[in-house]
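Down below is the structure, laid out as structure tokens.
Bear in mind that the values here come from a model prediction, so they are computed numbers and not experimental data. As the structure lists them, so they are numbered: ligands from 1, and atoms in each ligand from 1. For the single chain, residues carry numbers from 1 onward in sequence order.
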Amino acid sequence: MLLIQLITMKRRKIVVAAGFCLSFFLGTLMNLLYIPGFEHHQNHDNRVHRYYHKKQQRVTGDSQLHVGESDTKAVAESNSKNAAGSRHHQDLLLQIRERFDEVVRYRRRQGHGSGTGDPVRPLERRRLMDSEPGDNWDPIKVIERTDNQQTHFQNRLSSSTYMQTKSRKDLTMNSRSINSTPMLDCSSIDNVTNIQYLGSGYTKAVYKATLNNSLSVALKSVDFGGHDMENCVKKYGSPGDCYRLASFKIVKEMTLMERLQHPNILKLYGYCYQDSNDIQDTVTAITELGSPLEMIQLLQTSWEERFRICLSLVRLLHYLAHSPLGSVTLLDFRPRQFVLVAGELKVTDLDDASTEEAPCSPSSTSDCVMEFPARNFTLPCSRGRCLGINEKRNLYNAYRFFFTYLLPHSAPPTLRPLLDKIVNSTGELIWGIDETLLQLEEVLHLYRNGFYLQNSTQTHRADYKRVVDASIPGENYRCWPSYQHDGCLLSVYSITEAIGVCESHAQCRAFVLTNQTTWTGHQLVFFKTGPASLNSAKGQVTYVRVGS
Ligand SMILES: Nc1ncnc2c1ncn2[C@@H]1O[C@H](COP(=O)(O)OP(=O)(O)OP(=O)(O)O)[C@@H](O)[C@H]1O
């Protein structure tokens, strides 16, 4: 049993709650916590909770009615209802089977695969083996099996507290590794601290947690109160199977994280299966932690940082187009599917990734139409597949969600023509991802080596005196896009560029070189209103404007 100390906040008062296990926390934290922004989930959990109990009562009521009823019409109606219910349930099981098959396909596909971690839970793995040719993986048998589980589940619900974690499967996970890196397991998240809700989408809820008071990670699990679970339970009335269906999104995501290794794909650190809320083997993925992408915030950062995001994205899309699993497209390509890790963009939501290139017939003109809100594209059909559709869909989405907003705005003027060309060529899908990457790497080369300064033959009006081992602690002013909010801290390639910046700011009379550099190797420089507080500082260099 996994116990964690929860410090809960309610109406800004701190309440201490102890002894809840992690999966309980992940599923129902919102029932117990008040943290601004949690209300929505709290309502959802309560709704689902109430719904389960109602459902339980309704089933009991129905059965009593049927026992005492001799009317053959009612019996016939009941039989036909049961048949419809069974078809309904079968439909759910077929969906589970489809998701399961998809995961199996990704696991089996040839390519790199040095990882020995296997995020498919033992139960599914058994079924995976059963689904080999000559298989006995029979959806009907699964229906029977899950019917039993379902009855058990509902019985338990009526007699036990909702969402009570039962036992944890301590699988022999320490031996797992991805590319020789040992993976985290259930024991790793036994004593997590600083748990914070990060966000949730249609299916999953994500929490930040600290392991061993040192490593911060993201914990991802099915959101019991999320839309996916709620809609499914409403439709099928089978929380256990709905959970399984939803959990395959996490299993798929973990499988793809394991198979697709790239600096711009979030790292899977490990996973944990444990029984929770009367559901067997609920899964928690343990991944690298990022911070959600805020477009408004990005628009306020320096061009260099925004360019980094676009370059990260293009490197990612280039990898996806040539991945070991084939060309991968991100069907859900909104900025919220990405996070930032130390300034690098990384994709986090892989449950909607697909390697299927749309099939087509050469005689049809409509098979390969890619539709976007503002325009459509028709791609050629080659050997029964729409040529490059996965790559082109990713690229156009990168253009419409990222490049148009982030690339040209406040870029160094000499880079503008090339950046405009990149924006136009991707917006028209003239270039593929290979050419786009080449061009962005060229921009990086020009920027990193200061070639963007070549044409700026501005003559500086003032002289600057170089003062060694000196700094100016005060005399700050604000500028945009500063790396520090209460001062003017900008990145420059050279002293000449720093002088140019100082000349362009009416307040600037001095600047101090820091020993910090940006990701491109540019130096961060503090611009100052004057040298009044100039003091001695070993190793630092200050430039003070002389004359008017
Ligand atoms: N590793 C992470 N670090 C920080 N935040 C994350 C991380 N993973 C996800 N998030 C945040 O949690 C939110 C929900 O995660 P995710 O997108 O995986 O859930 P989902 O249910 O698949 O959502 P959607 O409805 O968008 O498909 C994301 O929008 C993102 O802001």
Original post:
Among the heavy atoms of K220, does any lie under 4.0 Å from an atom of ligand 1?
Top reply: yes
**OP:** Could you list which atoms of ligand 1 come closer than 4.0 Å to a heavy atom of T287?
**Re:** 1 (N)
Original post:
For ligand 1, which atoms have a heavy atom of Q337 less than 4.0 angstrom away?
Top reply: 17 (O), 26 (O)
Subject >> Protein heavy atom at shortest distance from atom 8 (N) of ligand 1 >> reply: T348 OG1, 2.9 Å
**OP:** Could you find the nearest protein heavy atom to atom 23 (O) of ligand 1 and give me its residue, atom name and distance?
**Re:** G201 CA, 3.2 Å
Original post:
For ligand 1, which atoms, with element, lie under 4.0 Å from some heavy atom of L266?
Top reply: 1 (N)
Original post:
Of the backbone atoms (N, CA, C, O) and the side-chain heavy atoms from C-beta on, which set of T203 has a member under 4.0 Å from an atom of ligand 1: side chain, backbone, both, or neither?
Top reply: both
Original post:
Which residue holds the protein heavy atom closest to atom 3 (N) of ligand 1, what is that atom called, and what is the gap in Å?
Top reply: G290 N, 2.9 Å
Subject >> Atoms of ligand 1, numbered as shown, that sit under 4.0 Å from any heavy atom of E288 >> reply: 1 (N)
Subject >> Qualifying residues under ring pair (Phe, Tyr, Trp, His ring centres under 6.0 Å), relative to Y447, sequence neighbours excluded >> reply: W303, Y452, H522
Original post:
For ligand 1, does S200 get within less than 4.0 Å through its side chain, its backbone, both, or neither, judged by non-hydrogen atoms?
Top reply: backbone
Subject >> Whether Y207 and Y197 hold their rings parallel, tilted or perpendicular, with breakpoints at 30° and 60° >> reply: perpendicular
Subject >> Donor-acceptor under 3.5 Å (E391 side chain, I433 main chain) >> reply: yes
Original post:
Which of the atoms in ligand 1, numbered in the order shown and given with their element, are less than 4.0 Å from a heavy-atom of A218?
Top reply: 1 (N), 2 (C)
Subject >> Pick from V341, L340, D349, V217: the one approaching atom 24 (P) of ligand 1 most closely through a non-hydrogen atom >> reply: D349
**OP:** Salt-bridge test for D349 and K204: reply yes if a basic N is under 4.0 Å from a carboxylate O, no otherwise.
**Re:** yes
**OP:** Assess whether atom CG of D486 is packed by more than 12 heavy atoms of other residues, nucleotides or ligands within 6.0 Å.
**Re:** yes
**OP:** Kindly confirm or rule out an N or O of Y202 lying under 3.5 angstrom from an N or O of ligand 1.
**Re:** yes
Original post:
Below 4.0 Å from any atom of ligand 1, is there a heavy atom belonging to R334?
Top reply: yes
**OP:** Give a yes or no on this: more than 12 heavy atoms of other residues, nucleotides or ligands lie within 6.0 Å of atom OH of Y405.
**Re:** no
Subject >> Sub-4.0 Å atoms of ligand 1 with respect to non-hydrogen atoms of G199 >> reply: 12 (O), 13 (C)
Original post:
Ring centroid separation for Y396 and F403, is it under 6.0 angstrom?
Top reply: no
**OP:** Please state whether the rings of F402 and F338 are parallel, tilted or perpendicular, taking 30° and 60° as the class boundaries.
**Re:** perpendicular
**OP:** Could you tell me whether some N/O pair between S291 and ligand 1 is separated by less than 3.5 angstrom?
**Re:** no
Subject >> Donor-acceptor pair between Q95 and Y236 side chains, under 3.5 angstrom >> reply: yes
Subject >> Side chain, backbone, both or neither: D223 near ligand 1, heavy atoms under 4.0 Å >> reply: neither
Subject >> Nearest protein heavy atom with distance in Å, relative to atom 15 (O) of ligand 1 >> reply: V206 CG2, 3.5 Å
Original post:
Counting heavy atoms only, which of H227, E253, K204, R336 is nearest atom 21 (O) of ligand 1?
Top reply: K204
**OP:** Please confirm whether P292 comes within less than 3.5 Å of ligand 1 when only nitrogen or oxygen atoms on both sides are compared.
**Re:** no
**OP:** Determine whether the aromatic ring centres of Y399 and F372 lie less than 6.0 Å apart.
**Re:** no
Subject >> Proximity to ligand 1 by part of D351, non-hydrogen separation under 4.0 Å >> reply: side chain
Original post:
If you measure SG to SG, does C360 sit under 2.5 Å from C368?
Top reply: no
Original post:
So, are D101 and R105 salt-bridged, with charged N and O less than 4.0 Å apart?
Top reply: no
Subject >> Option from V217, N191, N194, D190 for which side-chain contact (heavy atoms from CB on, under 4.5 Å) with L211 holds >> reply: V217
